[in-house]
A.B. asks: 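This is the structure I want to talk about, given as C-alpha cells.
Both counts, for ligands and for their atoms, begin at 1 and track the order of listing.
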Amino acid sequence: MKVLQLTRLHEPTEQALAASHEVTIAPQTRKDLHDLLLAEQNFEGIVTNGKGKVDRALLEKLPQLRVISCFGAGMDNLDLQLIGRRGISVYNTSDALKDDVADHAMGLVIGLLRQIVRFDRDLRNRAWHEARQRLSVSLFGKRMGIVGLGKIGCAIANRGSAFRMEIAYSGPSRKIEQPFIFFSSVKQLARWCDILIVCCPGGPATQHLIDVETLEALGPSGWLVNVARGSVVDQRALLSVLRNSGIAGVALDVFEDEPDVPLALIEDPRTVLTPHVSSGTHQTRERMGQMMIAALDKADSTVQC
Ligand code: 8YV
C-alpha cells in the first residue's frame with residue numbers, strides 16, 4: 001500500500017513498515033507537505049503517532065485514502081467525523097499499551113501517596129533523619145475515581161481493586177458489564193473520590209473537563225493523576241488550586257504545552273512529573289508497531305478487486 005507517514009515513529013517500526021509498504025515520510029512543514037500532496041495524491045494509508053494532524057485540509061488532498069493507523073491510543077488530532085463520513089477506517093493501539101499505561105498510572109499513585117520520589121530526593125540530599133519524620137498516606141481503603149473507563153481505564157480500575165481501593169468512574173455512558181460505581185458527572189466523581197485519575201480521550205469534547213470546579217470538588221485532601229492528554233486538565237486552574245493548597249498532590253505524565261512544564265509544578269514538592277512516557281517500554285513499543293502495521297495489512301486484504 002502507498003502510505004504517508006505523518007510523524008517519525010519508533011525506529012524498528014519504521015523499518016518494518018518500510019519493508020512491507022511503499023512509505024513516504026511527510027515533510028515537517030505544512031507548506032512542504034502541501035507541495036508533496038500537489039505532486040502525489042494517491043496515498044491509501046496514513047500512519048501517525050497522534051501528533052500529526054489529519055484535518056479537512058489534508059483529507060481533501062487524499063481522495064484515495066482508505067485507512068489511518070495510529071501508533072498510540074490518542075486520536076485527538078484526527079477529524080474523526082469527516083473521516084467517518086468518508087468511510088475511512090481508523091485504528092489505534094490501545095490494546096497494546098493499556099497495561100503499561102495502567103502500570104504507570106499506579107506508579108504515579110504510589111509515588112504520590114507514599115512520597116517515593118520525594119523520599120528519594122531527600123535521601124540523595126543527605127536528609128535521611130528529616131525525611132523519616134514525615135509520614136505518607138495509605139493506598140488501601142482510598143476511593144479511586146476514573147475519568148473514562150475505556151481499555152486503559154479498566155486496566156487501572158482492576159489494579160486499583162487489587163490494591164483494595166473502592167472504584168468509581170465517569171464517562172459518556174454507564175458500562176453495565178463493569179462492577180464499578182458510575183457517576184454521570186465528573187464533578188460528582190471528584191466529590192466522591194480521594195484520587196482522581198484522568199485517562200479519557202483528548203480533543204475538543206474533553207478540553208478542560210477538569211476545571212476549577214472539579215478541582216474544588218476533589219478538595220484539599222484529594223490527589224489528581226493525569227495519563228491522558230494535557231488538554232483535559234485546565235493547567236492554569238490547577239496551578240492556582242495548588243498555590244492555595246486546594247489539593248493534596250498531583251502526578252502528571254502529560255501537560256498542556258509539552259515539552260514546556262511550568263516552573264511552579266517543577267518546584268512544588270507535592271507533584272510527581274514524568275515526560276509523557278506511560279506507554280514507553282521496549283515491549284509495548286514493539287507491540288504498538290506490530291499492531292499499527294497489521295491494521296494496514298488488514299485494510300489491504302479487504303480491497304475489492
Ligand atoms: C505515546 C500516547 O507517547 O498512545 C498515546 O496516545 O500519547 C503515547 O502512547 C505516543 O503515541 C508515541 O508516539
A.B. asks: Within ligand 1, which atoms have a heavy atom of Leu97 less than 4.0 Å away?
C.D. replies: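 Near Leu97, the atoms of ligand 1 are 4 (O), 9 (O).
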
A.B. asks: Heavy atoms only: which of Asn77, Asn49, Val227, Asp100 is nearest to atom 13 (O) of ligand 1?
C.D. replies: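 Ranked by closest heavy atom to atom 13 (O) of ligand 1, first place is Asn49.
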
A.B. asks: What's the shortest distance from atom 2 (C) of ligand 1 to any protein heavy atom, and which residue and atom give it?
C.D. replies: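 Answer, as residue, atom name and distance: His276 NE2, 3.6 Å.
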
A.B. asks: For residues 150-197, which residue pairs qualify under ring-ring contact (aromatic ring centres under 6.0 Å, His included), counting only residues two or more places apart or in two chains?
C.D. replies: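 Applying ring-ring contact (aromatic ring centres under 6.0 Å, His included) to every pair that reaches into residues 150-197, excluding sequence neighbours, yields Tyr169-Phe182, Phe183-Trp192.
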
A.B. asks: Provide the number and element of each atom of ligand 1 under 4.0 Å from a heavy atom of Gly74.
C.D. replies: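 Taking each heavy atom of Gly74 in turn, ligand 1 has 4 (O), 5 (C), 6 (O) under 4.0 Å.
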
A.B. asks: So, using ring pair (Phe, Tyr, Trp, His ring centres under 6.0 Å) as the criterion, who are the partners of Phe43 when residues are at least two apart?
C.D. replies: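 Counting only residues at least two positions away or on another chain, Phe43 forms no ring pair (Phe, Tyr, Trp, His ring centres under 6.0 Å).
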
A.B. asks: Report the residue from Leu196, Val198, Leu209, Asp234 that forms a side chain to side chain contact (heavy atoms under 4.5 Å, CB included) with Thr214.
C.D. replies: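 Output: one option passes, namely Leu196.
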
A.B. asks: Can you tell which part of Ala73 has a heavy atom less than 4.0 Å from ligand 1: side chain, backbone, both or neither?
C.D. replies: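 Contact part for Ala73 vs ligand 1: both backbone and side chain.
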
A.B. asks: Take every heavy atom of Arg285, measure it against each atom of ligand 1, and state whether any distance is under 4.0 Å.
C.D. replies: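 Under 4.0 Å: yes for Arg285.
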
A.B. asks: Out of the candidates Ile46, Val54, Ile88, only one should pair with Leu62 under the side chain to side chain contact (heavy atoms under 4.5 Å, CB included) rule; please name it.
C.D. replies: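 When side chain to side chain contact (heavy atoms under 4.5 Å, CB included) is applied between Leu62 and each of Ile46, Val54, Ile88, only Ile46 qualifies.
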
A.B. asks: So for Arg229, does at least one of its heavy atoms come nearer than 4.0 angstrom to any atom of ligand 1?
C.D. replies: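 Within the 4.0 Å threshold, so yes.
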
A.B. asks: Do the charged groups of Lys2 and Glu22 touch, with an N to O distance under 4.0 Å?
C.D. replies: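 So Lys2 pairs with Glu22 through a salt bridge.
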
A.B. asks: Got an N/O contact under 3.5 Å between Met288 and ligand 1?
C.D. replies: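 No.
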
A.B. asks: In terms of atom number and element, which parts of ligand 1 are under 4.0 angstrom from non-hydrogen atoms of Ser279?
C.D. replies: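 Under 4.0 Å from Ser279, ligand 1 has these atoms: 1 (C), 8 (C), 9 (O).
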
A.B. asks: So does Asp122 pair up with Arg134, basic N to acidic O under 4.0 Å?
C.D. replies: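 Salt bridge: yes.
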
A.B. asks: Against heavy atoms of Gly72, which atoms of ligand 1 measure under 4.0 Å?
C.D. replies: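 What qualifies from ligand 1 is 4 (O), 5 (C), 11 (O).
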
A.B. asks: Keeping the roles fixed (side chain from Asp32, backbone from Gln28), state whether a donor-acceptor pair exists under 3.5 Å.
C.D. replies: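 Judged by distance alone, no pair lies under 3.5 Å.
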
A.B. asks: Among all protein heavy atoms, pick the one closest to atom 10 (C) of ligand 1 and tell me residue, atom and distance.
C.D. replies: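 Protein heavy atom at minimum distance: Phe71 O, 4.0 Å.
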
A.B. asks: Between Arg86 and Leu59, is there a donor-acceptor pair closer than 3.5 Å when you use the side chain of the first and the backbone of the second?
C.D. replies: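 Checked: pair present.
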
